[in-house]
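Here is the naming used below: chain letters follow the sequence lines, and residue numbers restart at 1 for every chain.
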Number of protein chains: 2
Amino acid sequence: MLRQVTATLGSVSQISRPVKAKQSTGHGDARRERWRGHRQARRAEFVEAAVRAIGNCGAEVGMDDIAAEAGVSKPVLYRHFSDKSDLYLAVGEWGTNLLMERISPTLQQEGSARERIRRIIGTYLGVIEEYPELYRFVVRRNFADRPVQTDPVTTEKTVIANSLSRLLGEYMRSLELDSGGVEAWSHGLVGMVQASGDWWLDRHSMSRDDLTEYLTRIIWFAIDGVLRAGGIVIDPDEPLETVPQLRVVEDDAD
Amino acid sequence: MLRQVTATLGSVSQISRPVKAKQSTGHGDARRERWRGHRQARRAEFVEAAVRAIGNCGAEVGMDDIAAEAGVSKPVLYRHFSDKSDLYLAVGEWGTNLLMERISPTLQQEGSARERIRRIIGTYLGVIEEYPELYRFVVRRNFADRPVQTDPVTTEKTVIANSLSRLLGEYMRSLELDSGGVEAWSHGLVGMVQASGDWWLDRHSMSRDDLTEYLTRIIWFAIDGVLRAGGIVIDPDEPLETVPQLRVVEDDAD
DNA sequence: GGTAGCTGTTACTTGCCGTAACACGCAATT
DNA sequence: AATTGCGTGTTACGGCAAGTAACAGCTACC
């Protein structure tokens, strides 16, 4: 499986995924073509209904709830989603898109290294605070009865981690440092922020700004340590000049 | 809910949890008392059957499978576990115990700060590599239909993170540093190691030792950064002299 | 002996995912 | 104009797994 994910954080934060690959040239009937845009639109519509339903019913929504929210009966859903996890996956993508679209502009603004980290984390925490039920749905709901690779959480976390890998990798290479660890670090950092956010969302035992600050601190320390080990010292509060653009990430699942 | 967790890493790594709090003094019948040990033993026996069943069937085991593995029919299981998530929770505890028991001795050995970190992470990765199915079961299987606080993953991760909080907090206080961030950091670090391990388990794109080394590096950098910010510099390869004992952690869920 | 607490069983209900079967509407083909 | 393809939608059902009667036997306390 080779899922192409173009997360062009430089200009557009759209994450486009190839849709189902239904071969359109089977036999040249224009009627099939005619509906293609429509089907995509309806899928999106159902995904948004699912998001609303999750907001209402909480993370334990059923397909009937979602269908009801969309003002439609269940079999209609199944014309657009092969099964539950397909829909859930789409909801996950929706969330990831939202997150990316919010993070993207913060990366284009000027700012020091530490400030950029702060903004990313703050944005992330803002999103999960805004959509707590959706967040729980996407992150906590798993599918032990599915092959691991198709599990929504893993998938979306992987997408984000891969984007981050790309970003960190570009930095490292532009600084001529060994980039062997970036993949592991990316997944680790994503997991770290997610876990902290998870914990914070349940407890709310500190303000968002405080948590942002704490996380920013140790993440900066980690990065700084790696850089120093490579003989590079960067002032965390000095504006960055070189900003590699994050462009294409490929999911290298086999 | 106040779950008491005594994780005395200094001597014993046993994690004891209060069992069901069934009031034994309801009416003084000795027959109830007589069976208490027995019931605990059977619960444990079923948990181990579940662990075996998970090893065989993978993470998608059903109650029937587990019952079959235990050589018993389903209702018997339900006499010892209120429902599925109760059993799953117990399996999670089993795993956490295993992990703690393996980590504990490594903490008692001598070693530098970095070496200690390395050992903890290496041990963790070793465990999840040894029990991949169990790991997936515990970590990936979630319960959107349960209140968040009773979700196995959250629960076990919280247990570990709380232990770590305690450990880090003791260090910080003994060094007279501000310990305000340790809780967030603990949950974050646990999440980081877990996410990296998760990713590694799926891909195996590097050796265990390599991943251990990479994780150890950035975690050390993070810790080192926090210490330096507090005006303290520790040689990562110098043996540690003060080793606070990890003793009692209380789950401060309300 | 009666009873409380365990041992165990088979057969059932329940809930939710997913599907079969059926009917209608609109546009492209013929 | 009639047919055919692809969409719209429905109600009612099948199936699987969780969880629950309802029943029966065994041992030790009272």
Side-chain angles (χ1 to χ4, degrees), chain A residues 20 22-46 49-50 53 57-89 91 141-146 150, chain B residues 20 22-43 45-46 49-50 53-54 57-89 91 137 141-146:
Chain A
K20 273 293 163 56
K22 51 166 55 181
Q23 62 281 14
S24 55
T25 56
H27 54 299
D29 194 338
R31 275 169 286 198
R32 175 168 289 163
E33 280 301 314
R34 211 178 58 82
W35 285 102
R36 282 179 75 169
H38 181 58
R39 281 188 65 82
Q40 285 189 18
R42 285 225 76 181
R43 233 181 109 97
E45 172 191 329
F46 287 139
C57 310
E60 61 273 18
V61 248
M63 291 299 266
D64 301 272
D65 301 304
I66 296 174
E69 176 66 39
V72 118
S73 70
K74 217 176 10 166
V76 178
L77 273 189
Y78 282 96
R79 293 233 179 78
H80 296 268
F81 301 92
S82 66
D83 62 0
K84 196 165 79 152
S85 64
D86 187 22
L87 201 172
Y88 288 6
L89 214 56
V91 171
R141 169 74 94 161
N142 291 354
F143 297 88
D145 54 345
R146 292 264 144 217
T150 69
Chain B
K20 271 292 164 58
K22 50 168 52 183
Q23 63 279 13
S24 55
T25 55
H27 55 299
D29 193 337
R31 276 170 286 197
R32 175 167 291 164
E33 279 302 313
R34 211 180 57 82
W35 285 103
R36 282 180 73 169
H38 180 58
R39 282 189 64 81
Q40 285 188 19
R42 285 228 72 186
R43 235 181 106 97
E45 171 190 332
F46 287 140
I54 292 167
C57 310
E60 60 273 19
V61 247
M63 292 299 266
D64 301 272
D65 301 305
I66 296 174
E69 176 65 40
V72 116
S73 69
K74 215 173 17 166
V76 178
L77 274 187
Y78 283 95
R79 294 233 179 79
H80 296 268
F81 302 91
S82 67
D83 61 1
K84 195 165 79 151
S85 64
D86 188 22
L87 201 172
Y88 287 8
L89 213 56
V91 171
F137 178 86
R141 169 73 94 163
N142 291 358
F143 297 88
D145 54 344
R146 293 264 144 216

Is the backbone of A:S82 close enough, under 3.5 Å, to the side chain of A:D86 for a donor and an acceptor to pair up by distance?
-> yes
Length of the CZ-P vector between B:F81 and D:dA18, whole Å | 15 Å
Does A:H80 have a side-chain nitrogen or oxygen under 4.0 Å from the phosphate oxygens OP1 or OP2 of D:dT8?
-> yes
For the pair made of CE in A:M63 and P in C:dT19, what is the distance, rounded to whole Å?
-> 10 Å
From D:dA18, C:dC17, C:dG18, pick the nucleotide closest to the side chain of A:D64?
-> C:dC17
How far does CG of A:L77 sit from CZ of A:R43, to the nearest 0.5 angstrom?
-> 11.0 Å
Spacing of A:D83 atom CG relative to C:dC16 atom C1', expressed in whole Å | 14 Å
Please give, in whole Å, the distance from C:dT7 P to B:F46 CZ?
-> 7 Å
Taking atom P of D:dA18 as reference, at what distance in whole Å does atom OH of B:Y88 sit?
-> 6 Å
With sequence neighbours excluded, residues passing salt bridge (charged side-chain N to carboxylate O under 4.0 Å, His left out) with B:R42 = B:E45
Using whole Å, report how far CG of A:D65 lies from C1' of C:dG15.
-> 12 Å
Output every pair passing salt bridge (charged side-chain N to carboxylate O under 4.0 Å, His left out) with a member in residues 70-81 of chain A, not counting sequence neighbours, ordered by first then second residue.
-> A:D64-A:K74
With side chains defined as the heavy atoms from C-beta onward, is the minimum distance between B:F137 and B:Y88 less than 4.5 Å?
-> yes
Using heavy atoms and a sub-4.0 Å distance, could you list which residues of residues 71-79 of chain A are near DNA chain D? By number, please.
-> A:V72, A:S73, A:P75, A:V76, A:R79
Over how many whole Å does the gap from A:R39 atom CZ to D:dG7 atom C1' extend?
-> 8 Å
Between D:dG7 and A:R42, is there an OP1 or OP2 to side-chain N/O distance shorter than 4.0 Å?
-> no
Can you sort out the partners of B:A49 under side-chain contact (heavy atoms from CB on, under 4.5 Å), two or more places apart, ordered by chain and number?
-> B:R52, B:E69, B:A70
